[in-house]
Amino acid sequence: MDKKEILEYSREFVKKQMANNDVGHDYLHVERVVALAKDIAGFEQGSNSFLTEMVALLHDINDHKLCTDENALAAFLDSLAMEKTAKEQILRYAGYVSYSKYPKPDLSIPLEARIVQDADRLDALGAVGVARTFAYSGAKKRPFYGPDEHSAVAHFGEKLCHLSESLTTERGKELARQRQAYLNGFLEQFVAELELKQ
């Protein structure tokens, strides 16, 4: 298999794996992360475009929130006709994407992993981030707001309002500024409308 075939085969695998996920973590999320990672990679000298795209495609396969088989990604990579070193890199780099495991900026993480990390976090910001947050809350039957510590508004304050601080690439930071401003403005308006009910 050449690189183009591997990417296409991987794409089909991810579509099947994510078919039953909630809309915040579906295949469309993966497509957005891939597009953002390609954009960021275009500004980062020395990044490996194939490795970056593979990590972006496969980054959610082992996500503890979404999968029941922690060996799913390793098993899939084993099925590919590609170098062992590349398989090991993809598996390791995908593990760096999780915000819960790596909430702070860490420049010691390999560049391709940081690119995908930034891309994934950017998809949690801006208008898309707002939509994903409320979609996820609805899927989990959590309230929009209120005393529940798992409400959508609590998630904004606990994580999303600080997410841009964890990005490490210059292009990622640039894109995050716009998205963070939108998200902060939305939250301010949302809270103002709620306060009218008090």
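Only a predicted model underlies this, so the values are computations on that prediction, with no experimental measurement involved.
When atom types are taken as modelled, the side chain of E5 and the backbone of D2 share a donor-acceptor pair closer than 3.5 angstrom. Within the 3.5 Å criterion, the main-chain N or O of I61 finds no donor-acceptor partner in the side chain of Q17. A side-chain donor-acceptor contact under 3.5 Å links D118 to the backbone of T169.
Rounded to the nearest 0.5 Å, atoms CG (L51) and NZ (K3) are 9.0 Å apart. Distance CZ/R121 to CD/E165: 11.5 Å, rounded to 0.5 Å. Put simply, NZ on K15 and CG on L57 are 10.0 Å apart, with the number rounded to the nearest 0.5 Å. Summarising the geometry, atom CD belonging to E12 is positioned 7.0 Å from atom OH belonging to Y27; distances are rounded to the nearest 0.5 Å. Between the CD atom of E88 and the OH atom of Y93 there is a distance of 11.0 Å, given to the nearest 0.5 Å. Distance check, rounded to the nearest 0.5 Å: OG of S10 to CG of L77 gives 7.5 Å.
The environment of Q45 atom CD is sparse: at most 12 non-hydrogen atoms of other residues, nucleotides or ligands sit within 6.0 angstrom. Atom NZ of K38 sits in a sparse spot, with 12 or fewer heavy atoms from other residues, nucleotides or ligands closer than 6.0 Å.
Residues satisfying the side-chain contact (heavy atoms from CB on, under 4.5 Å) test with R32, not counting sequence neighbours, are L28, H29, D123, V128, R132.
Using a 4.0 Å cut-off between charged side-chain N and carboxylate O, R11 and E53 make a salt bridge.
At a threshold of 4.5 Å between side-chain heavy atoms, the hydrophobic network of Ile, Leu, Val, Met, Phe, Trp and Tyr places Y145 and F134 in one connected group. I115 and F43 fall into different hydrophobic clusters, where Ile, Leu, Val, Met, Phe, Trp and Tyr residues are linked whenever their side-chain heavy atoms come under 4.5 Å apart, directly or through other members.
Under the 6.0 Å cut-off for aromatic ring centres, F156 and F144 do not qualify, their centroids lying 6.0 Å or more apart.
Residue I40 comes nearest to R171 through the heavy atom pair CA-CG, 3.9 Å, listed as atom of the first residue, atom of the second, then distance. Looking at every heavy atom in both residues, T52 comes nearest to A37 through CG2-CB, 4.0 Å. For D106 against R114, the heavy-atom pair with the smallest separation is O-CD, 3.4 Å. When all heavy atoms of S166 and L163 are compared, the closest pair comes out as OG-O, 2.7 Å. Residues Y102 and Q117 approach most closely at CB-NE2, 3.7 Å, considering heavy atoms. Taking all atoms of both residues into account, the shortest heavy-atom contact from L160 to G129 is CD1-O, 4.5 Å.
Side-chain atoms of P110 and Q89, non-hydrogen and from C-beta on, never get closer than 4.5 Å to each other. The side-chain heavy atoms of R179 and S164, taken from C-beta on, include no pair separated by under 4.5 Å.
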Q. Step by step, would you call L175 with D39 a side chain to side chain contact (heavy atoms under 4.5 Å, CB included)?
A. CA-CA 10 Å; L175 295 171; D39 180 290; 4.0 Å; yes
Q) What's the verdict on side chain to side chain contact (heavy atoms under 4.5 Å, CB included) for D60 and V14, showing C-alpha distance, side-chain angles and the deciding distance? A) CA-CA 9 Å; D60 269 344; V14 174; over 6 Å; no
Q. Passes side chain to side chain contact (heavy atoms under 4.5 Å, CB included), L58 versus F13? Steps please.
A. CA-CA 9 Å; L58 299 165; F13 167 75; 4.0 Å; yes
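Between Y182 and F186, the ring-plane angle classifies as parallel under the 30° and 60° cut-offs.
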